[in-house]
Structures are given as structure tokens and as C-alpha cells.
Amino acid sequence: MSNFWIRTISGAAYFAVLLAALLINEFVFGAIAAIFTGVLAFEFCRLSDGASLKAGSVVSIVASVCLFALVYACEVFGMQAKYVSAVFFLMPVMLLTCLAKPSAIGMKTVAHELACLIYIALPMSLSTTLVFRGGEFDGSLLLSFFIMICCSDVGAYCIGTAFGQKKGSRKLCPEVSPLKSWAGFWGGLGFCIAAGVILGFTQLMNIPVIHSVALSIIIHLGGTLGDLFESRWKRDAGVKDSGRIIPGHGGLLDRLDSSLIAIPAASAYLILFNLW
């Protein structure tokens, strides 16, 4: 089978799973999002540790899934929020691993393990709060965010390919991602704003159009930053992809890198303006 068809089929399967998580019910969402959290944390720790995971990284992966599960339990089953703090009992365990084998586990590894909780676990846990509106499961807002991220990526690719690869074109961050250009950046912003306007008028997000436009700008900026951050992480690790779970596309982190920054940033906007 050609690489084109492999990419097409695996990409379609990935989007089908994503849509199932956001459109069916809270239990399908919980199961898929928990698996995504574990896979993302695993890929991130593999980028940091290399071929073999350190003991602290395993604890970090478990802590990431536990944090998601505890926040999910609060939203779905009404568990008291105070029990979410239980996940922090795992942090001393993470730190003890570097003290038990100081010659084998450096402080950079510990920093990466703690970073996993911030970079992976917090955004994934936050996604749970975005799919509940008035106590009822509603994935339309998070779906809208993913639509805007997708439009941003498509616009950046189309405009960047057409105008950003010419001789003399200005690159966005050449030391991290040589192919990304300012033309692609502005193209992605235009496509993302267009998506925000359409989503605002169709009321899929159920917020005023002016705010949906503002969210589209935030999502594009956050998505671009997230993409570049993961590219830098992979460059330091000396790898092309974060994994191979999606044939022809790479790892799950390669697909969701933009979301891990864009969605928390958009959520902060919603909270600040009392929109959620």
C-alpha cells in the first residue's frame, strides 16, 4: 500500500476516534481521553529519556492518567474536588527515584518528568471541564477548538507552500523548523479567523461572534507556539516523530502538539470573560 493511502486511512481513523470522543457521550470521551493522556505522556517521556523509560517517567505517566481520571470523576460522578490533590502524593515518588540512583538519573530527567505533568496532564484534564455545560455532556465547544486548529494548520500549509518556500521568503523560526514561514503563519491566521467567524454565526460554540474571533486568534497563536515547542523538543532528542502510533503521521503528540497550548490558552480567555 502506498504511503498516501496509509496516511489517508490512518488520518481518517484518528479523526473518527476524535469525533467519537466529542459527539457520543461522556463515557466514550472519558475512555478515549484517558488513553490519549497515557499515550501522550509516554511519547513525551520517551522523547526525554530515549529508548528506555526511567522509573520516574513511569510514575509521571501514571500520575498524568490519574490526574485526568480524578478531574473526570469530579465532572461526571460529582466527586469532591479536594480528592484531586491525591495525585500530588506521586510527586515525591518521582523525586525519590533520582535520589535512589543519582548516578543513573540526572536532574534534567526529573525536570522532564515534572514537565510532563504541566505539558500533558494539565491540558488533558482541562479538556474534561470543557465538555460539560450545565452538568450535561456537550463536546461542541472542544470540537470547535479542534476545527479552528485544523483550519489554522491547513491555511499555514497551503499559503506557506505557495508563498513561503520561495527564495528570499522570511522563515518563522528557521533554527527549530526550517520549513515554517511567515507567509504560512499569516495564512493560518486568516483561515483560523474565517473558521471563528463561521463558528460564531452558526452558534456551535454558543458565544458572541466577537469572542469567537478573539478565540480564533488565541488558538492560532497558541497552536503555532505548541507546534514549534514540540519541534524543538524533537530536535533536541534527535528524532523526526514523537512515535509511530498513527502510521504515516507519526505519534499522537505530533497530532496534538498544537492543542496542548492552544486549548488551555483559549480556556483562560473563556474564564476571564465569564463565557464558560
Point to revise | Gap separating the CD1 atom of Ile147 from the SG atom of Cys151, nearest 0.5 angstrom | key: 7.5 Å
Exercise for review: Nearest 0.5 Å please: distance from the CG atom of Leu215 over to the CD1 atom of Ile210.
Suggested key: 10.5 Å
Exercise for review: Carefully, step by step, assess Asn206 and Ser140 under the rule side-chain contact (heavy atoms from CB on, under 4.5 Å).
Suggested key: CA-CA 9 Å; Asn206 196 29; Ser140 60; over 6 Å; no
Practice item. Can you establish whether the number of heavy atoms outside Phe163 located under 6.0 Å from its atom CZ is more than 12? Key: no
Practice item. For the pair Glu230 and Leu260, evaluate side-chain contact (heavy atoms from CB on, under 4.5 Å) and give the outcome as yes or no after the intermediate values. Key: CA-CA 10 Å; Glu230 200 233 354; Leu260 293 172; over 6 Å; no
Review point. Does atom OH of Tyr269 have more than 12 heavy-atom neighbours from other groups under 6.0 Å away?
Key: yes
Check your understanding: At their closest point, which heavy atom of Cys192 faces which heavy atom of Ile219, and how far apart are they?
Key -> SG-CG2, 4.4 Å
Exercise for review: Step through it carefully: locate the ring centre of His220, locate the ring centre of Phe191, and say whether they are under 6.0 Å apart.
Suggested key: no
Practice item. With rounding to the nearest 0.5 Å, note down the distance linking OG in Ser216 to CG in Leu189. Key: 7.0 Å
Review point. Would you say the side chain of Leu142 lies within less than 4.5 Å of the side chain of Phe145, judging by non-hydrogen atoms?
Key: yes
**Study point:** Minimum-distance pair of heavy atoms, taken over all atoms of Leu40 and Leu256
**Key:** CD1-CD1, 4.0 Å
Review point. Can you check whether Leu117 reaches Val87 side chain to side chain, under 4.5 Å on heavy atoms?
Key: no
Exercise for review: State yes or no: do Phe201 and Val213 share one hydrophobic cluster built from I, L, V, M, F, W and Y residues joined by side-chain heavy-atom distances below 4.5 Å, directly or via other members?
Suggested key: yes
Check your understanding: Do the rings of Phe137 and Phe29 sit parallel, tilted or perpendicular, given the 30° and 60° boundaries?
Key -> tilted
Review point. Below 4.5 Å, heavy atoms only, C-beta onward: do Ile217 and Ile193 meet side chain to side chain?
Key: yes
Review point. Mind checking whether Arg255 and Phe36 have side chains closer than 4.5 Å, heavy atoms only?
Key: no
Practice item. Fit a plane to each ring of His211 and Phe273, take the angle between them on a 0 to 90° scale, and name the class: parallel (under 30°), tilted (30 to 60°) or perpendicular (over 60°). Key: tilted
Exercise for review: State, yes or no, whether a side-chain contact exists between Leu228 and Thr224 at a heavy-atom distance under 4.5 Å.
Suggested key: yes
Check your understanding: In this structure, which one of Leu252, Ile120, Leu253 forms a side-chain contact (heavy atoms from CB on, under 4.5 Å) with Val39?
Key -> Leu252
Practice item. Walk me through it: do Ile218 and Leu221 pass the test side-chain contact (heavy atoms from CB on, under 4.5 Å)? Key: CA-CA 5 Å; Ile218 292 171; Leu221 294 174; 5.9 Å; no
Practice item. Using the six-membered ring wherever Trp is involved, compare the ring planes of Phe229 and Trp233 and label them parallel, tilted or perpendicular (cut-offs 30° and 60°). Key: tilted
Review point. Is Ile159 close to Phe185 at the side-chain level, that is, under 4.5 Å between some pair of heavy atoms?
Key: no
Practice item. Using modelled atom types only, decide if a donor and an acceptor are shared between the side chain of Lys234 and the backbone of Val239 within a distance under 3.5 Å. Key: no
Review point. How long is the span from the OH atom in Tyr72 to the OG atom in Ser125, to the nearest 0.5 Å?
Key: 13.0 Å
Check your understanding: Any side-chain donor-acceptor pair under 3.5 Å between Ser60 and Glu113?
Key -> no
Practice item. Treating Ile, Leu, Val, Met, Phe, Trp and Tyr as nodes and any side-chain heavy-atom pair under 4.5 angstrom as an edge, say whether Phe77 and Val65 lie in one connected cluster. Key: no
Check your understanding: Taking C-beta and beyond as the side chain, do Glu26 and Val131 meet within less than 4.5 Å on heavy atoms?
Key -> no
Exercise for review: Report yes if the side chains of Leu122 and Pro264 come closer than 4.5 Å at any heavy-atom pair, otherwise no.
Suggested key: no
Review point. Honestly curious: do Ile271 and Leu126 fall in one hydrophobic cluster under the side-chain, below-4.5 Å linking rule?
Key: no
Review point. In Å and rounded to the nearest 0.5 Å, what is the CG to OG distance from Leu275 to Ser267?
Key: 11.5 Å
Exercise for review: Could you state whether Leu90 and Val71 fall into the same hydrophobic cluster, counting links through intermediate Ile, Leu, Val, Met, Phe, Trp or Tyr residues with side-chain heavy atoms under 4.5 angstrom apart?
Suggested key: yes
Check your understanding: Near Leu19 CG, under 6.0 Å, is it more than 12 heavy atoms from other residues, nucleotides or ligands?
Key -> yes
Review point. Side chains of Asp254 and Ser242: donor-acceptor distance under 3.5 Å anywhere?
Key: yes
Exercise for review: Quick one: closest heavy-atom pair of Phe42 and Ile61, and the distance?
Suggested key: CA-CD1, 3.6 Å
Review point. Can any side-chain N or O of Ser258 pair as donor or acceptor with the backbone N or O of Gly226 at less than 3.5 Å?
Key: no
Review point. Same cluster or not: are Leu18 and Leu143 linked, directly or through other Ile, Leu, Val, Met, Phe, Trp or Tyr residues, by side-chain heavy atoms under 4.5 angstrom apart?
Key: yes
Revision key, fill the gap. Between Pro123 and Ile118, the two heavy atoms sitting closest are CD-O, 3.2 Å
Practice item. Could you tell me whether a side-chain N or O of Thr202 sits under 3.5 Å from a main-chain N or O of Leu199, the two making a donor and an acceptor? Key: yes
Point to revise | Polar side-chain atom of Arg235 near backbone of Val176 as donor-acceptor pair, under 3.5 Å | key: yes
Check your understanding: When rounded to the nearest 0.5 angstrom, what distance separates CD in Gln203 from OG in Ser144?
Key -> 10.5 Å
Practice item. Could you pull out the closest heavy-atom pair between Ala33 and Met124, with the gap in Å? Key: O-CE, 3.7 Å
Revision key, fill the gap. Correct closest heavy-atom pair for Gly196 and Ser212 would be O-OG, 3.0 Å
